[in-house]
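Beneath this line is the structure, given in structure tokens, with notes to follow.
Every chain is numbered from 1, with letters handed out A, B, ... down the list of sequences.
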There are 4 protein chains.
Amino acid sequence: MGEKRSDTKEKILEAALRLFSKKGFRETTIKDIAKEVGITEGAIYRHFNSKDEIIHDLLISITNELKEAIVKSMEKGGNEEEIFKNIIEALIDYAFNKPESYRFLNLYHLLKEYPQVIHLPGEQILKFLNNLYAKKKLKTYPEVALAVITGSVERIFIFKERNFLKHDTQLIKRELISTLKDALIG
Amino acid sequence: MGEKRSDTKEKILEAALRLFSKKGFRETTIKDIAKEVGITEGAIYRHFNSKDEIIHDLLISITNELKEAIVKSMEKGGNEEEIFKNIIEALIDYAFNKPESYRFLNLYHLLKEYPQVIHLPGEQILKFLNNLYAKKKLKTYPEVALAVITGSVERIFIFKERNFLKHDTQLIKRELISTLKDALIG
Amino acid sequence: MGEKRSDTKEKILEAALRLFSKKGFRETTIKDIAKEVGITEGAIYRHFNSKDEIIHDLLISITNELKEAIVKSMEKGGNEEEIFKNIIEALIDYAFNKPESYRFLNLYHLLKEYPQVIHLPGEQILKFLNNLYAKKKLKTYPEVALAVITGSVERIFIFKERNFLKHDTQLIKRELISTLKDALIG
Amino acid sequence: MGEKRSDTKEKILEAALRLFSKKGFRETTIKDIAKEVGITEGAIYRHFNSKDEIIHDLLISITNELKEAIVKSMEKGGNEEEIFKNIIEALIDYAFNKPESYRFLNLYHLLKEYPQVIHLPGEQILKFLNNLYAKKKLKTYPEVALAVITGSVERIFIFKERNFLKHDTQLIKRELISTLKDALIG
DNA sequence: GATGAATGAGATTTCATTCAT
DNA sequence: TATGAATGAAATCTCATTCAT
């Protein structure tokens, strides 16, 4: 019974993520979500107080998930160059393995003001880059490096989604990692 | 009279761009736009058949403007390295000088709300990169290079808008240009 | 077991009375009542067929309680003047000792939301006043006297609830009783 | 055109007053009001921002109207006894001539918390009673007197509405005025 | 061209009531 | 008896678009 409850709640979150990332926040209605789950609109409100709460819950869990992925990639160890490559790999993997979550995040941050409560995944990376910079191992400012990294990954993701990239995903990944490493490290 | 007409029409487009880029498409109402211009809702429909038409008109003119800026930057001449740098400079300048237009474009393309029939400014750049690649002067695939370039510029723009970048704009611009050049050319 | 059943039923009625009198009928939800009792919505329907039934049950029992209080006060005996004073005292005491019940009654009858099939407590008083009037001991029509009595008590109650009355409750009570007696009897 | 605008707004207020006073606030829907006026729900919102705003606007205008009636009755002059009688007459006349407004006021104050902004009509009367009391011309405390006056008028009004009073309105009015005068003044 | 009232469709949210467990 | 998820109807409010003036 406890199962059932979290089951529906989970289904709502999954459906909402799918729809938000496909159609946007405003364009996705509570009715859409309900229909996708196979319940009625009213039932949504047993599990969430508002549409905004659904969005916020998704934001929190996705942000944490991505942060964790980054932290985990940094903890895999190796020298700084390897850690750098691991981070980028983690970003790409997250984008490609959880495209809806990744898309949701980009959408949210483009559309909504940052609530200062949320710690962004980028913060983790920035700390590492600051450290590299202090050691003179970064070719540019940490913030610029962060922009290049996260911006490149996002665009690669979008290009892939739109079928602008003919090459194999693994190939693209290796290519991007090595390009960014050469561009920023050394 | 023709003057006057296009005057109001122009004002509507400007107001709409300002509001769309600040609040989003759905969040901006026809009434908002009318108020910003200083006319009433009904008057908007003298100049446009629908809200979507306003959006579409903006998309066309902004896309063309950016494409032109890129083309012009490529026509400035010089060797390939200089052209490469000119293109990136043109992108950054466009983003920083016409932030609303640049934001509009990003918003539009991320939302996928509207059909994407438009030829993107990136196509111009891609041709140039393809050419470089054929001459073995590009360190990675043209599509990857395009992703790195456009993604980096977008992120720098977002960081600047959110005050994540402390450094002077000109400094950042030079930094990004040289970083991307070293990363991709040679 | 019969005990237990009427126990929960009683708790529901008490909680409902508390909430209805504080927030109004429509503003109080079944969920509110259930929460106040410490059960869930569905459980309410084991004891009552509908929200209206709860309201109706409360109306009946409160009306009877007040009627009884009035009848009892009239049966205490004494001369007519004493009975008159006893009735008013009973009304005031009921209002001050059972404010939620008294408020419920006023709310119910003012709203006219529900059918008013109930015999009002005032009827008891009216009989007594009719009798006084026949004996030429009432200074005005019985209906007017009833209006003055019940209206005054209600307003005193409201003023007290809203802290418009600085004086001690007992003092106010004596004051109102003697004022009404002088005004109506003799 | 300005005519038309205030025309509809006025019609909405009239319809709303009629319905609120007959059915209560929650029981009256925006759709009810719109239907009564002969427009659609959406049209209401060109004239008012919310249902609450309609209620608030009505509260303000009715409160002012009643206050004015009281003030005007006090300014008619005469000795204190005459002023006292004039006030009560003004109250009764207001209740009987504007039953919907009077009912609205009672309903509002029973259901809603007092917003401290609103100055109640009773305040005007209380000042006068305080003055009488200081001169030893009032038989009881001013607050008690106010409760008796306003409570009696309200009940007379309710009795009349429910056909509990057989006598002629004018007779009742004279009767109540003289009863209250004898009860409170001297 | 311009106004602004009105429409009509749809979105979010609420809640009494039902029902499977 | 009790739970709480789900329904379904209705309420408030929004807004692109139309239309009489």
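Of the residues in residues 33-41 of chain B, B:Ile39, B:Thr40 come within less than 4.0 Å of DNA chain E through at least one heavy atom, sorted by number.
Positionally, the nearest nucleotide of DNA chain E for B:Ala43 lies more toward the 5' end than for the other of C:Asn49 and B:Ala43. Comparing C:Thr28 and A:Asp52 against DNA chain E, the residue whose closest nucleotide sits nearer the 5' end is A:Asp52. Each of D:Ile30 and A:Gly42 was assigned the nucleotide of DNA chain F with the nearest heavy atom; the assignment lying further toward the 5' end belongs to A:Gly42.
Rounded to whole Å, atom C1' of F:dC15 lies 9 Å from atom OH of B:Tyr45. Per the geometry, NZ belonging to A:Lys51 stands 9 Å off P belonging to E:dA11, to the nearest Å. E:dG1 atom P lies 13 Å from atom NZ of B:Lys11, rounded to whole Å. In this structure, B:Phe25 places its CZ atom 14 Å from P of F:dA16, rounding to the nearest Å. In this structure, the NZ atom of A:Lys9 is 14 Å from the C1' atom of F:dG4, given to the nearest Å. Computed from coordinates, the D:Arg26 CZ to F:dT12 P distance equals 9 Å when rounded to whole Å. Whole-Å rounding puts the A:Asp32 CG to E:dG10 P distance at 12 Å. Atom P of nucleotide F:dC19 and atom CD1 of B:Ile44 are separated by 18 Å, given to the nearest angstrom.
Checked by atom type and distance alone, the side chain of A:Tyr108 never pairs as donor or acceptor with a backbone atom of A:His56 at under 3.5 Å. Formation of a donor-acceptor pair under 3.5 Å by the C:Arg103 side chain with backbone atoms of D:Leu110 is found in this model.
The side chain of D:Ser50 places no N or O atom within less than 4.0 Å of a non-bridging phosphate oxygen (OP1 or OP2) of F:dT12. The shortest distance between the side-chain N/O atoms of D:Thr8 and the OP1/OP2 oxygens of E:dA6 is below 4.0 Å. Residue A:His47 has no polar side-chain atom (N or O) positioned under 4.0 Å from OP1 or OP2 of F:dG4.
For the atom pair D:Ile55 CD1 and D:Ile60 CD1, the distance stands at 12.5 Å (nearest 0.5 Å). D:Lys51 NZ to D:Ile33 CD1: the interatomic distance, rounded to the nearest 0.5 Å, is 6.5 Å.
Using cut-offs of 30° and 60° on the angle between ring planes, the pair A:Phe20 and A:Phe104 is tilted.
Rounded to 10°, the helix from E:dA2-F:dT21 to E:dT21-F:dA2 has 10° between the axis fitted to its first five pairs and the one fitted to its last five.
Considering only residues two or more places apart in sequence or on other chains, D:Asn49 meets the side-chain contact (heavy atoms from CB on, under 4.5 Å) condition with D:Glu53. Legend: residues meeting salt bridge (Lys or Arg N to Asp or Glu O under 4.0 Å) with B:Glu27, ordered by chain and number and at least two apart, are A:Arg26. Applying the salt bridge (Lys or Arg N to Asp or Glu O under 4.0 Å) rule to B:Glu14 yields no partners; only residues at least two apart in sequence or on another chain are considered.
If you check the side chains of D:Asn64 and D:Ser61, you find no donor sitting under 3.5 Å from an acceptor.
Of the candidate nucleotides F:dT7, F:dT17, E:dA5, E:dA5 has the atom nearest to the side chain of D:Arg46.
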I'd like a table of donor-acceptor pairs (distance under 3.5 Å, sequence neighbours excluded) in which one partner is a side-chain atom from residues 36-45 of chain A, with atom names and distances.
{"unit_1": "A:Glu36", "atom_1": "OE2", "unit_2": "A:Arg18", "atom_2": "NE", "d": "2.9"}
{"unit_1": "A:Glu36", "atom_1": "OE2", "unit_2": "A:Arg18", "atom_2": "NH2", "d": "3.2"}

